[in-house]
Amino acid sequence: MCHRIKQDYSGNSYLGLHLGTQLFRALILDSKLNVTYVAQIRYDVDLPEFKTTNGILTDGGPGEYLANPVMWVKALDMLIDCLVKQGADMHSVASIAGAAQQHGCVFWSELGLRRLCNLNINLRLHEQITESAFELTRTPTWMDSSTDVQAREMEHAVGGPAELSKITGSRAYTRFTGPQIRKVYTQCPEQYQRTAKISLISSFLASLLIGGIASIDYTDGSGMNLLDIRKKNWSPTCLNACAPDLGRRLMKPIPSSQLQGRVADYYVKRWNFRPDCMVVASAGSKASEMAGLLVEKDFLMLSLDTSDVVVMPLKKAPRLEDGHVLCHPTRRDEYMGLLCFQNGELTRRAICEDVAGGSWRRFYEMLDATPPGNNGNVAVHFRDQEIIPIAKGTLRWDANINPLTAESLRGRHRFSAPEIEVRALIEGQIMHHWAIAHEMGFHQTPNTKIIVVGEDSRCQSVLQIVADIFNAPVYQRTGVEVSLLGCAFRARYAFYEHRESACNCQSCMMPRGRRRRLSYDEFFRGVPSGLKLAAKPTPGCDKIYTPLIARCSQICQLLAAKSSVYFYSPVN
Ligand code: XUL
C-alpha cells in the first residue's frame with residue numbers, strides 16, 4: 001500500500017526564512033499554501049547593540065561594508081521565538097528553505113565548527129555561536145566594493161575577464177565572494193590559515209539549521225567567481241586564482257532543491273520542531289524571488305529594493321562581458337541573467353531625506369507633481385560606487401546642457417525645485433536599468449511582462465515610469481515578499497520531491513506515466529501567481545524617453561570615465 005495514500009499531509013506547514021541586508025524575515029505556509037504566520041527582525045531597530053546602519057557596519061576602510069555574523073545568529077533565534085510567541089506550531093513544519101543576501105561570506109573557526117555541531121539546548125543560539133566561532137567578526141557583505149585589486153588579480157590569473165566569465169558566468173566583481181576571500185587571504189593570512197570552513201550567508205543559514213556545515217547551492221555559488229556554472233562544480237583554475245587550499249574550506253556545491261539534512265536536535269528540543277523536519281539548500285535572494293514568482297516565461301523581473309536588480313530567465317548561458325549568469329533555482333540546466341545596481345533604495349532614501357525630510361508620502365507627491373520626461377531634466381546618482389558601470393558620483397543635466405561641452409562634465413549643482421530632483425532620480429535610475437538590460441541582450445517581445453517587486457514597488461507613479469520607459473505592461477504582485485514566498489515554495493516542493501523519491505511501492509511504479517515526478521513549474525501550475533496589471537505604457541511615451549535614455553547613458557559614461565581615474569588600478 002502506498003504511504004502517499006495512507007498518510008495525511010494536510011496538517012503540514014512549510015517554513016521560509018530570508019536573511020536579507022536590513023531584515024531577517026520568516027513565513028509559514030499551511031498545506032494549502034496559505035500564509036499563516038510572518039515575523040521579522042530589523043537589525044538596526046531590534047538589535048541595536050550591533051550598531052548597524054541599514055544592517056551594515058560602514059565604519060571600516062574605503063568601500064568596506066561589513067557585518068557581524070553573530071547578529072544574524074541572534075536574529076534567527078529571536079525570529080523563531082517570535083513565530084512561537086504568535087502561536088505557530090513548529091511541530092507542523094515539514095520542511096524549511098532559506099535564502100540570503102548574496103555574495104557575502106562567513107569564516108568559521110575550528111571552535112565555531114565544534115559548537116555548531118554540538119548545539120547546547122541550555123543556551124540560546126548566539127550564546128554559543130559567539131564571536132569566537134568566526135575568524136572574522138566583521139565579515140564582508142554584498143555591498144562591499146573594497147576588493148578591486150583582488151578582482152583584477154583573479155581575472156589576470158585565469159587569463160582575463162572573458163575567460164573568468166566563460167567559466168563562472170561573470171567577470172570578477174568586487175562584491176563577489178572569490179575576490180573577498182582573496183582579500184582575506186592576502187591581508188589577514190593567519191585568519192585565513194585558521195579558517196576551518198567558509199560559508200556563503202545562505203549556506204551559513206542552512207548550517208545553523210542543521211547544526212553542521214551546509215553546502216553552497218548552485219544559484220548562490222554562481223555569485224562567487226569560483227563555480228563552473230556549466231559543470232556545476234568548483235573550478236580548479238578559479239580556486240587557484242583565489243587562495244590556496246580553498247577547496248577543502250568549501251563543501252561540494254549542490255542543487256538548490258537538494259536536502260541538506262534534518263533540522264538539528266537543538267530545534268526539536270527548544271522549539272518542538274519534529275525530528276524529521278527537512279532542511280533544503282538555501283539559495284541566493286534573487287534566485288528565491290525567481291522561485292516565488294510562479295511565472296514561466298516572457299518576463300523580466302525588476303526588483304526595487306536595497307539593491308535594484310534586473311532578473312530574467314535564460315534557457316542557455318550566454319557569455320557576457322558585464323552582468324551575471326547564474327544557475328536557475330528550479331530548472332535543471334537552465335540559467336538566469338542578473339544585473340545588480342548598488343544605488344537602489346538607499347540612494348532613494350537619502351534623496352527622500354534631503355528633499356522631503358524622509359517622508360515617502362511627500363516624496364511621492366513631489367514625483368506626481370512633475371511631468372513624464374521631467375522637461376528634459378535628468379540625473380544619475382551613484383552615491384555608492386555603482387556596479388555597472390563602475391562609477392561614483394552624481395551628475396545632473398537639464399535640457400540645455402550640450403553633451404559635447406565642458407559644462408556637461410560639471411552638470412547642474414541642483415535643479416530649480418525639489419520635485420524636479422525627485423523625478424530626475426527615479427527616471428534616471430529606471431532609464432539606467434533599461435539601458436543596461438538592453439546592452440546585456442534583453443530582447444523585448446510584444447508579450448513581455450515587466451514584473452516589479454521589492455519594498456519600493458509600492459508607488460503607482462514609479463510603476464507608471466517603469467511602464468513608460470520599458471514601453472511594456474508592468475505587473476505587480478500582491479501578498480508577501482516574493483523572496484520569502486520563494487523560500488516557502490521551495491520547502492514545499494522539496495518535501496513533495498523527497499516523498500516521491502522515497503516511495504517504491506507498486507502503485508507508484510504503475511502505470512509508468514504516474515511515476516514521473518512533477519517539475520517545480522508543474523507542481524505549482526494553477527497556484528495563483530498574485531500578479532496584477534499595474535500600469536500600461538502611455539501612448540507615445542517612447543518619443544519622450546528614447547532621447548532621454550540616450551542622454552542618461554551619456555551621463556553614465558561620463559561618470560564612469562571620471563571614476564576610472566580613482567577606481568581602476570589594473571594589475572600588470
Ligand atoms: C545581487 C546582489 C544583491 C544582493 C542583495 O548580485 O548583490 O542584490 O543579493 O541581497
Side-chain angles (χ1 to χ4, degrees), residues 17-25 43 52 54-56 63 65-67 72 98-106 139-147 151 165 168-180 200-205 216-227 229 256 282-292 301-312 320 322-329 335-347 384-388 390 429 433 436-437 440 452-457 481-484 486-487:
L17 295 169
H18 183 235
L19 194 171
T21 313
Q22 305 187 56
L23 296 163
F24 199 153
R25 287 181 160 141
Y43 312 119
T52 55
N54 304 317
I56 303 284
Y65 287 78
L66 311 169
W72 298 322
Q101 51 174 301
Q102 291 164 234
H103 315 299
C105 57
V106 166
T139 210
T141 70
W142 71 272
M143 295 182 76
D144 194 281
S145 61
S146 66
T147 62
S165 170
T168 69
S170 303
R171 64 171 178 77
Y173 282 86
T174 53
R175 70 191 194 290
F176 273 43
T177 328
Q180 293 288 348
L200 287 182
I201 302 176
S202 55
S203 63
F204 168 68
L205 169 58
I216 290 171
D217 88 305
Y218 296 159
T219 69
D220 225 11
S222 321
M224 299 175 80
N225 285 138
L226 297 175
L227 183 80
I229 58 166
S256 317
S282 289
S285 56
K286 302 302 151 192
S288 189
E289 286 181 358
M290 187 71 119
M301 181 176 76
L302 174 62
S303 176
L304 299 176
D305 228 307
T306 310
S307 57
D308 281 358
V309 179
V310 167
V311 181
M312 46 202 135
L320 297 180
D322 259 318
H324 320 301
V325 179
L326 278 67
C327 295
H328 195 285
Y335 298 87
M336 51 190 256
L338 187 149
L339 303 169
C340 180
F341 304 99
Q342 181 99 356
N343 290 277
E345 195 251 343
L346 300 182
T347 297
D384 287 316
Q385 182 177 319
E386 190 44 83
I387 297 164
I388 315 174
I390 301 174
Q429 287 186 324
H433 302 348
I436 301 294
M440 298 297 122
V452 186
V453 301
E455 287 274 305
D456 279 5
S457 61
E481 190 215 352
V482 67
S483 176
L484 194 50
C487 294

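One-based numbering along the sequence shown. Numbering of ligands and ligand atoms starts at 1, following listing order.
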Numbering as shown, the atoms of ligand 1 that approach [X] to under 4.0 Å (heavy-atom distance):
X	answer
V309	8 (O)
K286	8 (O)
Q102	1 (C), 4 (C), 6 (O), 9 (O), 10 (O)
L338	1 (C), 6 (O)
Q101	10 (O)
H103	1 (C), 2 (C), 6 (O), 7 (O)
S285	9 (O), 10 (O)

**Message:** Return the OG to CD1 distance between S285 and I201, rounded to the nearest 0.5 Å.
**Reply:**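 So the gap between those two atoms works out to 9.5 Å.
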**Prompt:** How many angstroms lie between OG1 in T21 and OH in Y65, if you round to the nearest 0.5 Å?
**Reply:**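 Those atoms lie 12.5 Å apart.
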**Item:** Closest candidate by heavy atom, reference atom 7 (O) of ligand 1, pool H324, R175, M143
**Value:** R175
Are [X] and [Y] packed together at the side-chain level, in the sense that at least one heavy-atom pair is separated by less than 4.5 angstrom?
X	Y	value
Q102	L326	yes
C340	W142	yes
H103	Q180	no

**Asked** Taking atom types as modelled, is there a side-chain donor on Q101 or T141 under 3.5 Å from an acceptor on the other?
**Response** no
**Item:** Check: H324 ring centroid to Y173 ring centroid under 6.0 Å
**Value:** yes
**Request:** List the closest protein heavy-atom neighbour of atom 2 (C) of ligand 1: residue, atom name, distance to the nearest 0.1 Å.
**Result:** C340 SG, 3.4 Å
**Request:** Return the residue, atom name and 0.1 Å-rounded distance of the protein heavy atom closest to atom 8 (O) of ligand 1.
**Result:**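 Residue, atom and distance for the closest contact: S307 OG, 2.8 Å.
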